[in-house]
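Structure, as structure tokens:
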Amino acid sequence: MMVEERLSLRVHSCRFMSQLLVTGGAGFVGSHTCLALLQANHRLVVLDNYVNSSADSLERVCDLVGLKDRDALKVVQGDVRSPDDLNRVFQLSDKPIEAVLHFAGLKAVGESISSPLHYWDINVTGTRCLLQAMQSYGCKTIVFSSSATLYGSPKTLPITENSLVDPTNTYGNTKAAVERLLRDLVASEDSWRVACLRYFNPVGAHPSGTIGESPQGIPNNLFPVITKVALGQIDKLKIFGGDWPTEDGTAVRDYIHVMDLAEGHCFALELLQREDPQLLVMNLGTGTGYSVLEVVKAFEKACGVNVPYEIINRRPGDVACTIADPTLAQKKLGWRTKFSLDAMCLHSWSWQKDNPNGYIN
Ligand code: WQD
């Protein structure tokens, strides 16, 4: 059963069609989650500054959903650090905003190491400003886009939510800091409902190829580099390290399809709205790891293309292997990933082929 069908089936059991704020809703994970939320008949206000996204993604989301009532998705170009912009979004909707899904933030590991002040400002100060606005408007439900990067180099595998939080880069530090702020907030007022979703590696695209990952400039992440090599826009994939302590010497990650990730957000929101105030911290991953070379081979086989590569030195901030233990999310949310590595390859390739230059800015 397709994700959309399953989600729409689940939707009918969903009692909360809410007015939501989605920060960073024009981004990669944000836009796919907006699609799932609209399919669940929620009404959205999106706040996005388009620094690493495009308004085009939300236009396409509306088309994919076949949205008739365009008031169900209102978009404000602005910044989570701006009290004026936050006031605009909280006053924009005819119904009070009942919950926030917070995606707005920067996420490039290498860039974070060279620009710590910028990353702490956007990711941490931005979240503090958002929470202050939420508090002043009486909105105390938030789903936070956290990251498995905060685990750093895991001591044991697979990684559970009780594994040591020990980031090895600025990006991970900012995610850990926001989680601590949220923990303090829940401890200070028992009316907050908070879910920190620790993503592993989001990849893929909507099966239609209409929305997908559209990094500005040279991509940092593996999948967009592979699709651009396959398209001929980049001459070869540089694999960072062939001497990791893994089966084939290349680093292992837990890649999760962005549609599975979007569904996990919908289920986490539903649980927060259904249950008493609480702090939820959950891993969103598949529980299966693949090395870079395994991904390259799977991509070539699934898509019938060639991905030339060269193994070079390791990248600063990288770790050998991260694999999720997703059992808590499976138990608490009744959520399970559905898309295979082949689907992740096929859907990201379909998006890239149809959109060689990503979204039109
Ligand atoms: C994956 C593997 C690289 C590019 C990032 C960030 C963050 C997070 C998940 C949300 C690694 C290797 C990559 C390349 C390569 N997202 N690689 N050549 O660093 O695991 O995590 O994504 O929180 O954005 O933490 O993802 O895709 O950059 O790298 O060999 O040109 O591919 O070394 O082993 P990463 P990635």
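Atoms within a ligand are numbered from 1 in the order they appear, just like the ligands themselves.
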Q | Heavy-atom nearest neighbour in the protein, as seen from atom 14 (C) of ligand 1, with distance rounded to 0.1 Å | A | F240 CE1, 3.3 Å

Q) How far is atom 33 (O) of ligand 1 from its nearest protein heavy atom, and which residue and atom name does that atom have? A) D318 OD2, 2.5 Å

Q.
Treating H257 as the side-chain partner and T337 as the backbone partner, does any N or O pair qualify as donor plus acceptor under 3.5 Å?
A. no

Q: Check whether the side chains of N169 and Y119 place a donor and an acceptor atom closer than 3.5 Å, and report yes or no.
A: no

**Q.** Protein contact of atom 21 (O) of ligand 1 - nearest heavy atom, named by residue and atom, plus distance
**A.** N201 ND2, 3.6 Å

Q: Please write down residue, atom name and distance for the protein heavy atom closest to atom 24 (O) of ligand 1.
A: K107 O, 3.0 Å

**Q.** Nearest protein heavy atom with distance in Å, relative to atom 11 (C) of ligand 1
**A.** R253 NH2, 3.8 Å

**Q.** atom 6 (C) of ligand 1: nearest protein contact (heavy atom, Å)
**A.** V109 CG2, 3.6 Å

Q: Within a distance under 4.0 Å of any heavy atom of F200, pick out the atoms of ligand 1 and give their elements.
A: 9 (C)

Q. Which residue and non-hydrogen atom of the protein lie closest to atom 4 (C) of ligand 1, and at what distance in Å?
A. N220 O, 3.4 Å

Q) Heavy-atom contacts under 4.0 Å between Y255 and ligand 1: side chain, backbone, both, or neither? A) side chain

**Q.** Polar atom proximity, V225 to ligand 1 (N or O, under 3.5 Å)
**A.** no

Q.
Would Y199 count as a polar contact of ligand 1, with the cut-off being nitrogen or oxygen pairs under 3.5 Å?
A. no

Q: Among all protein heavy atoms, pick out the one at the shortest distance from atom 29 (O) of ligand 1; state its residue, atom name and that distance to 0.1 Å.
A: R315 NH2, 3.4 Å

Q: Please state which part of T149 comes within less than 4.0 Å of ligand 1, counting heavy atoms only: side chain, backbone, both or neither.
A: side chain

